[in-house]
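Structure first, commentary second.
Hydrogens, waters and symmetry mates play no part in the numbers below; they use all other heavy atoms, side chains included.
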Amino acid sequence: MKRYRKQIVVLLAILSVSSLVFADERPDTLLTVRDVVIEGNLTTKDFVILREMKLKPGEKLTAENIEHDQKRIYSLQLFNKVELDVKPMGAEAVVIVRVDERWYLFPFPILGFRYRNLDNLYYGAGVVHSNFRGRNEKLFFSFALGFDRWVSLNYQNPRLTDGEDLFLGIQASYSRIRSLSVETDYYYQTNGKLGISLGTRFGLYQYLLGWVNYDIWQVTEPREGRTVSSDGRDAYLTAGASYAYDTRDLREYPTDGTYFTVFANKYGFGESEVNLVRYGFDLRAHTLLTEDFSVGGRIFTNQAGGGIIPIYRKAYFGYDDRIRGYFNTVLEGENIFGSSAELRIPLLSPRNYTLPFEFIPQFSVLRYGLYLGVFADAGKIWYRDQNFSRQRWYAGYGAGLHFLLPYSLIIRTEYALNNEGRGEFVLDVGTSF
């Protein structure tokens, strides 16, 4: 296997690039949509479902659009099951959307491991309403103790008014967290944040978002690099904007479609010593090689400019972004670049199972599936005074099982070899990209 390592990585890279080129084409029918009827949405408003659909009155009815709309509606993560039926009426047809709603209000315990490290136990409680007022609004409150401590309140409204596709987000949080740096001694820092975001949606796939935050970072033992200010307290405004284009079929585990986002953040506007920017992009593409086999690729970067970069604004591999093969290795710098390729092969295609008894209706329909994933990851991280081309590549490749579980839970068990020939087992939650 070691002999063919480079060939495997190159092959997966070629396959990932192909996901940007090939498209699935299906023949159109002669039917035109007369009307769309929605059934089963006892809580969810009709417009939440309709705004995800290509099929509207007057549009041509195609098999591709039926599949597209079914997956887009399911990606709202509001329903256990989504089915689209067609009722022909001469040259026209009525599209019937049948949904099975999930449970939306969850008080829940919090128990986990920060940055997916078993040594970093945290615990707490929270409550979430994932479909407030039936408008896909999100209310989220949580607190946690242990390795990191925090209290957080979030509200997201994906559509402020019926006439405009404007969305709003409000966030307030306070946390006491351990520093991420491995180049200095570990220490604790506190962060308070109050933020508001406002965006708009163009059609089905495009989003434009802007935000303003007020941040306070403070350490009890001021030292060089921990904060920009010498007194150990940075308090400053942040403003940023992003553009996103998203055609992925299933956001929880995509097998077809493209996601692209570009962003810029400005930290500090003269009210403090903080004066820096961060900018970058993230491109992800998936395509179906056959009806079931899917290949995907990802390229991303996050880079810094301006003044001093404090430790809490550095870039890292080993926390949110990881390289399988160096999964638990923490790498830090000011700029980061990463890429991935993955072949997804269904061993058990996603399907629904209806329980023979109905104790709670929202838990009576369960969606599950199983995929084999073959992957390759690579990345670099560097400081602004270093030459990108001279920095080391970290890379790994391997394979594993991806378990698709009810309520959009994804669990991955994988084995990876890195470019030094060392292997490791990976247990992770959520899709890799």
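- A salt bridge links Arg344 with Glu342: at least one charged nitrogen is closer than 4.0 Å to a carboxylate oxygen.
- Side-chain atoms of Asp148 come within 3.5 Å of backbone N or O of Arg178 as a donor-acceptor pair.
- We find that Arg51 and Asp165 are joined by a salt bridge, their nearest charged nitrogen and carboxylate oxygen being less than 4.0 Å apart.
- Counting only distance, with no hydrogens or angles, the side chain of Thr227 and the backbone of Ser229 share a donor-acceptor pair below 3.5 Å.
- With respect to the salt-bridge test (charged N to carboxylate O, under 4.0 angstrom), the residues Arg324 and Glu414 qualify.
- More than 12 heavy atoms of other residues, nucleotides or ligands sit less than 6.0 Å from atom NZ of Lys54.
- Note that the CG atom of Asn213 and the CG atom of Leu237 stand 9.0 Å from one another [nearest 0.5 Å].
- Salt-bridge check for Lys71 with Glu83: failed, with every basic side-chain N at 4.0 Å or more from each acidic carboxylate O.
- The closest side-chain heavy-atom distance from Tyr371 to Arg412 is not below 4.5 Å.
- Between His68 and Tyr205, the two ring planes are perpendicular [angle over 60°; tilted spans 30° to 60°].
- Asp292 has its side chain out of reach of Ile345: every pair of non-hydrogen atoms, C-beta onward, lies at least 4.5 Å apart.
- Side chains of Gln189 and Ser179: a donor-acceptor N/O pair is absent below 3.5 angstrom, by distance only.
- The closest side-chain donor-acceptor pair between Tyr383 and Lys314 falls under 3.5 angstrom.
- Other residues, nucleotides and ligands contribute at most 12 non-hydrogen atoms within 6.0 Å of the CZ atom of Arg390.
- Phe167 does not carry Arg159 over the face of its six-membered ring by the limits of under 6.0 Å from the centre and within 45° of the normal.
- Checked for salt-bridge contact, Glu221 and Arg223 meet the test: a charged N lies under 4.0 Å from a carboxylate O.
- Contacts of Arg367 classified as side-chain hydrogen bond (donor to acceptor under 3.5 Å, both in side chains), with partners at least two apart in sequence or in another chain: Tyr74.
- Residues Arg135 and Phe47 form a side-chain contact, since some pair of their non-hydrogen atoms from C-beta on lies under 4.5 Å apart.
- Note: Trp217 and Tyr312 have parallel aromatic rings, judged against thresholds of 30 and 60 degrees for the angle between ring planes.
- Expressed to the nearest 0.5 Å, how far CD1 of Ile381 lies from CD1 of Ile336 amounts to 4.5 Å.
- Side-chain atoms of Asp377 never come within 3.5 Å of backbone atoms of Ile323 as a donor-acceptor pair (strictly under, hydrogens ignored).
- One side chain, Asn80 or Asp100, offers a donor N or O that lies under 3.5 Å from an acceptor on the other.
- Of all heavy-atom pairs between Gly325 and Asn418, the closest is O-ND2, 3.1 Å.
- The shortest distance between side-chain heavy atoms of Thr43 and Leu78 does not fall below 4.5 Å.
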What do the steps show when you test Asn419 against Tyr326 for side chain to side chain donor-acceptor pair (under 3.5 Å), and what is the final call? CA-CA 9 Å; Asn419 54 353; Tyr326 295 94; 2.5 Å; yes
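- Relative ring orientation between Phe141 and Phe143 is described as tilted, the plane-to-plane angle lying within the 30° to 60° band.
- Cation-pi contact between Lys380 and Phe388: present, with separation from the ring centre below 6.0 Å and deviation from the ring axis of at most 45°.
- Neither side chain, Thr238 nor Trp211, offers a donor N or O lying under 3.5 Å from an acceptor on the other.
- Panel note: side chain Ser142, backbone Gly126; no donor-acceptor pair is recorded below 3.5 Å.
- Taking the ring axis of Phe433 as reference, the NZ or CZ atom of Arg298 does not stay both within 45° of it and closer than 6.0 Å to the ring centre.
- Looking only at distances, a side-chain donor or acceptor of Lys138 sits under 3.5 Å from a matching main-chain atom of Ser130.
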Dump the intermediate steps for side chain to side chain donor-acceptor pair (under 3.5 Å) on Glu252 and Thr431, then the final yes or no. CA-CA 7 Å; Glu252 65 187 51; Thr431 185; over 6 Å; no
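- From Asp249, atom CG reaches atom OG of Ser75 across 7.0 Å, with rounding to the nearest 0.5 Å.
- A donor atom on one side chain and an acceptor atom on the other are not found under 3.5 Å apart for Arg233 and Thr190.
- Enclosure of atom CD1 in Ile308 is not indicated, since only 12 or fewer non-hydrogen atoms of other residues, nucleotides or ligands lie within 6.0 angstrom.
- With a 6.0 Å radius and a threshold of 12 heavy atoms from other residues, nucleotides or ligands, Glu271 has its CD atom above the threshold.
- In this structure, Phe425 and Phe327 have side chains that are not in contact, with every pair of non-hydrogen atoms separated by 4.5 Å or more.
- Although no hydrogens or angles enter the test, the distance criterion places no donor-acceptor pair under 3.5 Å between the side chain of Arg278 and the main chain of Lys266.
- Side-chain contact annotation: Thr44 with Glu101, donor-acceptor N/O pair under 3.5 Å present.
- Taking the ring axis of Tyr122 as reference, the NZ or CZ atom of Arg149 does not stay both within 45° of it and closer than 6.0 Å to the ring centre.
- Checked by atom type, the side-chain pair Asp215/Asn191 shows a donor-acceptor distance below 3.5 Å.
- Looking at Thr247, its side chain does come within 3.5 Å of a backbone N or O of Thr258 through a donor-acceptor pair.
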Start with the C-alpha gap between Ser152 and Asn154, add the side-chain angles, then the distance that decides, and say whether side chain to side chain donor-acceptor pair (under 3.5 Å) holds. CA-CA 7 Å; Ser152 177; Asn154 289 272; 2.9 Å; yes
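- The shortest heavy-atom contact between Leu427 and Thr413 is CD1-CG2, 3.7 Å.
- No side-chain donor from either of Asp234 and Tyr236 sits under 3.5 Å from a side-chain acceptor of the other.
- Looking at Arg284, its side chain never comes within 3.5 Å of a backbone N or O of Asp282 through a donor-acceptor pair.
- A distance-only check finds a donor-acceptor pair linking the side chain of Thr261 to the backbone of Tyr243 [under 3.5 Å].
- In plain terms, the two heavy atoms of Tyr155 and Leu139 that are nearest each other are CD1-CD2, 3.5 Å.
- With contacts defined as side-chain heavy-atom distances shorter than 4.5 Å, the pair Val330/Phe317 does not qualify.
- The main-chain N or O of Gly306 is found under 3.5 Å from a side-chain atom of Arg384 such that the two form a donor-acceptor pair.
- Under 4.0 Å is where a charged nitrogen must lie from a carboxylate oxygen, and between Arg251 and Asp246 at least one such pair does.
- Annotation: Tyr245 is not in aromatic contact with Phe260 [ring centroid separation under 6.0 Å not met].
- Side-chain atoms of Ile411 and Leu405, non-hydrogen and from C-beta on, do get closer than 4.5 Å to each other.
- Remark: the Thr62 side chain and the Glu64 side chain contain no N/O donor-acceptor pair separated by less than 3.5 Å.
- Taking both residues in full, the closest heavy atoms of Ala416 and Phe375 are given as CB-CZ, 3.8 Å, listed atom of the first, atom of the second, then distance.
- Other residues, nucleotides and ligands contribute more than 12 heavy atoms inside 6.0 Å of the CG atom of Leu209.
- Residues Ala239 and Phe269 come closest through the heavy atom pair CB-CZ, 3.7 Å.
- Counting heavy atoms from C-beta outward, Val127 and Phe106 have side chains that stay 4.5 Å or more apart.
- For the pair Met53 and Ile73, the tightest heavy-atom approach, listed with the atom from each and the gap, is CG-CD1, 3.9 Å.
- Checked against the 6.0 Å centroid threshold, Tyr407 and Phe363 count as a close aromatic pair.
- Scanning for side-chain hydrogen bond (donor to acceptor under 3.5 Å, both in side chains) contacts around Tyr267 gives Asn265, with sequence neighbours left out.
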